[in-house]
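Remarks on the structure that follows.
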2 protein chains.
Amino acid sequence: MTKPVPRTRIQRKNIALISEAALSVFSTHGFRGSTVDQIAREANLSKPNLLYYFPSKEAIHQHLLSMLMDTWLAPLKALQDDGEPLEEILTYMRRKLQMSRDHPRESRLFANEIVQGAPRIMDMLETELKELVDEKAKVIEAWMAAGKLAPSDPYHLIFSIWSLTQHYADFDAQVHAVLGPGHDDPFPEAETYLTTLFTRLLQP
Amino acid sequence: MTKPVPRTRIQRKNIALISEAALSVFSTHGFRGSTVDQIAREANLSKPNLLYYFPSKEAIHQHLLSMLMDTWLAPLKALQDDGEPLEEILTYMRRKLQMSRDHPRESRLFANEIVQGAPRIMDMLETELKELVDEKAKVIEAWMAAGKLAPSDPYHLIFSIWSLTQHYADFDAQVHAVLGPGHDDPFPEAETYLTTLFTRLLQP
DNA sequence: ATTCCTTTTGACCTTTTGGTCAAAGCCGAG
DNA sequence: CTCGGCTTTGACCAAAAGGTCAAAAGGAAT
């Protein structure tokens with residue numbers, strides 16, 4: 001796969017450079033649409049030099065995905081059984097929205113991959129992700145059963161949080177085209193809108 | 001662009017074949033990830049034969065996008081000023097959801113394009129789409145001002161309908177991975193869930 | 001300063017890809 | 001049935017792309 005663990009300072013630096021460049025390139029062109037030359041240019045390295053650190057284009061992509069998966073799932077992992085239900089959900093939503101704002105490239109990297117059928121991460125979706133979602137769905141279901149949240153389908157609730165928050169990163173081009181040039185940063189409005197939405201949906 | 005208007009029966013048939021094949025290929029691999037050979041193979045035509053009908057790969061893609069744009073906008077166009085507000089919105093949402101179910105490839109074609117920055121349809125987004133959304137946003141705003149819908153941001157309301165409905169087509173792979181193999185067709189549940197969601201959000 | 005290991009690169013190879021072209025095949029109107 | 005335009009294709013081309021390799025350059029511990 002990737003280099004085991006970076007040993008030298010130079011390795012750490014260059015692997016970071018490559019990851020950063022690859023994230024930009026893969027997130028805007030998808031896997032097949034990106035070229036090694038493009039990534040190398042963006043990282044200010046020669047192509048053979050880049051391939052000295054990663055054995056192949058696929059390896060870079062794989063490395064990014066597994067590196068970022070944890071970051072990506074962190075907000076859901078943080079959803080606490082013992083918190084105040086509505087507040088927990090709203091916090092989760094806000095954290096996801098914040099990730100869309102702060103890490104739009106990561107969001108688009110995953111979006112590209114999944115829209116195209118997730119050929120390279122189906123594994124992780126079916127294991128790591130599914131298990132986490134199953135676990136948290138149970139927590140939410142328990143809240144609903146206890147009358148602390150209005151009843152609804154916990155899986156679709158989670159899907160709706162993903163879709164609504166990631167929309168602002170993944171479909172950024174469309175959001176900006178529709179809102180027009182005068183409009184900047186839709187995130188504050190989005191947060192207000194989504195807070196209202198989930199509050200009305202979930203308040204018992 | 002494309003061939004003016006198909007004259008012969010053979011032309012009509014082959015252009016239809018190519019469009020169908022190209023839709024499948026582009027929607028699963030994105031523009032840069034798709035090859036002309038792939039499309040030709042899928043259409044059971046030789047590559048030069050395909051290029052007899054369309055001058056280039058880009059032309060096929062362009063043809064598809066403009067051909068499908070109308071279909072794609074039809075549900076929003078159908079939103080009627082003089083209807084019952086909440087019912088109009090719910091109908092719009094249901095029609096969009098139905099399109100995700102019946103035309104997932106079209107949805108993914110647009111998704112691919114937009115996630116990658118919409119380089120080939122930014123024009124249409126900034127003109128056709130923006131004008132339509134501006135118009136309908138006014139209608140919705142008027143409903144809210146008249147107290148027929150709970151007040152909220154009409155643009156974000158439209159974004160949320162897009163994101164929630166298209167999610168089931170665009171991120172199909174993820175939805176299925178998370179719901180697991182035992183689960184089939186999430187659309188009925190999705191419709192119930194989304195109906196509740198928008199009803200609670202918008203009921204005055 | 002020497003040595004040994006790490007890092008970098010120019011040149012090169014093969015495969016894939018978008019696209020061309022001339023010639024052959026087909027088909028329907030007269 | 002035959003002629004003229006429409007359709008199809010095998011062969012080909014140039015550029016792009018993923019990847020290799022041997023040799024040069026760099027760096028740090030002795």
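Predicted model only: the values in this text are computed from it and were never measured.
Here the P atom of nucleotide dT6(C) and the CG atom of L50(A) are 19 Å apart, to the nearest Å. Protein atom CD1 of I39(A) is 12 Å distant from nucleotide atom C1' of dA17(D), rounded to whole Å. I18(A) places its CD1 atom 9 Å from the P atom of dT8(C), with the value rounded to the nearest Å. Between the P atom of dG18(C) and the CZ atom of F26(B) lies a distance of 9 Å, rounded to the nearest Å. Computed from coordinates, the K47(B) NZ to dG10(D) P distance equals 13 Å when rounded to whole Å. As rounded to whole Å, 12 Å separates atom C1' of dA15(D) from atom CG of D37(A). Distance L17(A) CG to dT8(C) P: 10 Å, rounded to the nearest Å. The distance between atom NE2 of H61(A) and atom P of dG19(D), rounded to the nearest whole Å, is 13 Å.
Using a 4.0 Å cut-off, no side-chain N or O of N49(A) falls inside it from OP1 or OP2 of dT7(C). Under 4.0 angstrom from either OP1 or OP2 of dT7(D) there lies at least one side-chain N or O belonging to Q11(B). For dT7(C), one of the phosphate oxygens OP1 or OP2 lies less than 4.0 angstrom from a side-chain nitrogen or oxygen of Y52(A).
Ring-centre distance between Y168(A) and H156(B): below the 6.0 Å cut-off.
The shortest side-chain heavy-atom distance between L90(B) and L202(B) does not fall under the 4.5 Å cut-off.
Between the base of dG19(D) and the side chain of K57(A) there is no donor-acceptor pair shorter than 3.5 Å.
Taking 4.0 Å as the cut-off between side-chain N and carboxylate O, E113(A) and R108(A) do not count as a salt-bridged pair. With respect to the salt-bridge test (charged N to carboxylate O, under 4.0 angstrom), the residues R94(A) and E87(A) qualify.
Note on ring orientation: taking the six-membered ring where Trp is involved, the planes of W162(B) and H167(A) are tilted (angle from 30° to 60°).
Summary of the strand contacts: E58(B) and I10(B) both lie near DNA chain C, and taking for each the nucleotide with the nearest heavy atom, the more 5' one is attributed to E58(B). Closest-nucleotide positions on DNA chain D for R32(B) and N14(B) were compared, and the one nearer the 5' end corresponds to N14(B).
Checking dC21(C), dA17(D), dT7(C) against the side-chain heavy atoms of Y53(A) singles out dT7(C) as nearest. Candidate nucleotides dT8(D), dG19(D), dG19(C) were compared by shortest atom distance to the side chain of S56(B), and dG19(C) ranks first. The nucleotide whose nearest atom lies closest to any side-chain atom of P48(A) is, among dT7(C), dT17(C), dT9(C), dT9(C).
Using a 4.0 Å heavy-atom distance criterion, L51(A) is classed as a base contact.
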